[in-house]
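If you read the sequence from its start, that first residue is 1, and numbering goes on from there. What's counted below: heavy atoms across the whole structure, side chains too, no hydrogens, waters or symmetry copies.
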Amino acid sequence: MNKHVKRMIAIACTSVVGLGVAASPVMAATTPTGTTDVFYTTDSTNIDADGKVVMVVPASISLNKNNTFQEFEVTMKTTDPTQDLPEDFQATVKVDSENKGKLKTVDSKEAEYSLSVKQQVVDLTQADQPFHNFSVSGPGTQSVEQSATVSVDNESSKKMENEKPGTVFKDKLTFKVISISGDGLVDPNKQP
């Protein structure tokens, strides 16, 4: 028996088995409908040792001459959308700028920018600056947010616009949860 005949027999047997499965009766479910929770969390990181709470930060912030400021949010939320944050939830977050408050090109040209929280400018020239102390204001809270604004002034914008089109100036902000507390949460910074 040659190789092609064996292959044809194998395909025929597979087809017969497939037809037998397809012809089997399908039993109807007792409930005609069902629900599934689907959720997506953007750019988040677990902040407690058990993974019950995450911090969500924007993946990127984009500025240009027509948009010299952008508001964004840093959010603390439960990983399970059916659960609430503990009523005594507290989290302290600091922020660090890789370029110490400067937007830089790959060839080290730079321009200043600012980060503001509650209309107060954060000193990005220093490491690990206070960003916000998060807390829950009452029961039934799944997330708490803090808005902030990144902006460039006219002088910095003009300086960057003098470069050739498409030049990218960038920095990286790192948000760090330095402490958390709340019923049922374990602070990973205080584990033995």
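- Considering all non-hydrogen atoms of both residues, S179 and D187 come closest at CA-OD2, 3.4 Å.
- Taking 4.5 Å as the limit, some side-chain heavy atom of Q146 sits within range of a side-chain heavy atom of V117.
- In this structure a side-chain-to-backbone donor-acceptor pair under 3.5 Å is missing from D128 to D96.
- Between Q129 and L115 the shortest side-chain heavy-atom distance does not fall below 4.5 Å.
- Panel note: side chain K52, backbone Q83; no donor-acceptor pair is recorded below 3.5 Å.
- Relative ring orientation between F175 and F131 is described as perpendicular, the plane-to-plane angle rising above 60° on a 0-90° scale split at 30° and 60°.
- Within 6.0 Å of the NZ atom in K100, the count of heavy atoms belonging to other residues, nucleotides or ligands exceeds 12.
- Side-chain atoms of D88 come within 3.5 Å of backbone atoms of D183 as a donor-acceptor pair (strictly under, hydrogens ignored).
- Side-chain contact between L185 and L85 is absent, with no heavy-atom pair separated by less than 4.5 Å.
- The line from OH of Y113 to CG of D153 is 13.5 Å long, rounded to the nearest 0.5 Å.
- H132 places a side-chain heavy atom less than 4.5 Å from the side chain of K118.
- Counting only heavy atoms from C-beta outward, the side chains of K104 and D171 never approach each other to under 4.5 Å.
- Nearest heavy atom pair, residue L63 against residue Q70, reads CD2-N, 3.8 Å.
- Within the 4.5 Å cutoff, the side chain of F134 has no heavy atoms near those of the M55 side chain.
- In this structure, D48 and V186 have side chains that are not in contact, with every pair of non-hydrogen atoms separated by 4.5 Å or more.
- Between D123 and T125, the side chains place a donor N or O and an acceptor N or O closer than 3.5 Å (distance only, hydrogens not considered).
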Residues S114, S151; criterion side chain to side chain donor-acceptor pair (under 3.5 Å); working and verdict: CA-CA 5 Å; S114 64; S151 61; 3.1 Å; yes

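- When side chains are defined from C-beta on, P86 does not count as touching V136, because their heavy atoms never get closer than 4.5 Å.
- Residue E110 qualifies as enclosed at atom CD: its count of foreign heavy atoms under 6.0 Å is above 12.
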Criterion side chain to side chain donor-acceptor pair (under 3.5 Å) on T92 and N133, from CA distance to verdict: CA-CA 4 Å; T92 300; N133 293 323; 3.1 Å; yes

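- The closest donor-acceptor contact from the side chain of S156 to the backbone of A111 lies at 3.5 Å or more, if one exists at all.
- In this structure, OG on S147 lies 11.5 Å from CD on Q119, to the nearest 0.5 angstrom.
- In this structure a side-chain-to-backbone donor-acceptor pair under 3.5 Å is missing from Q142 to T78.
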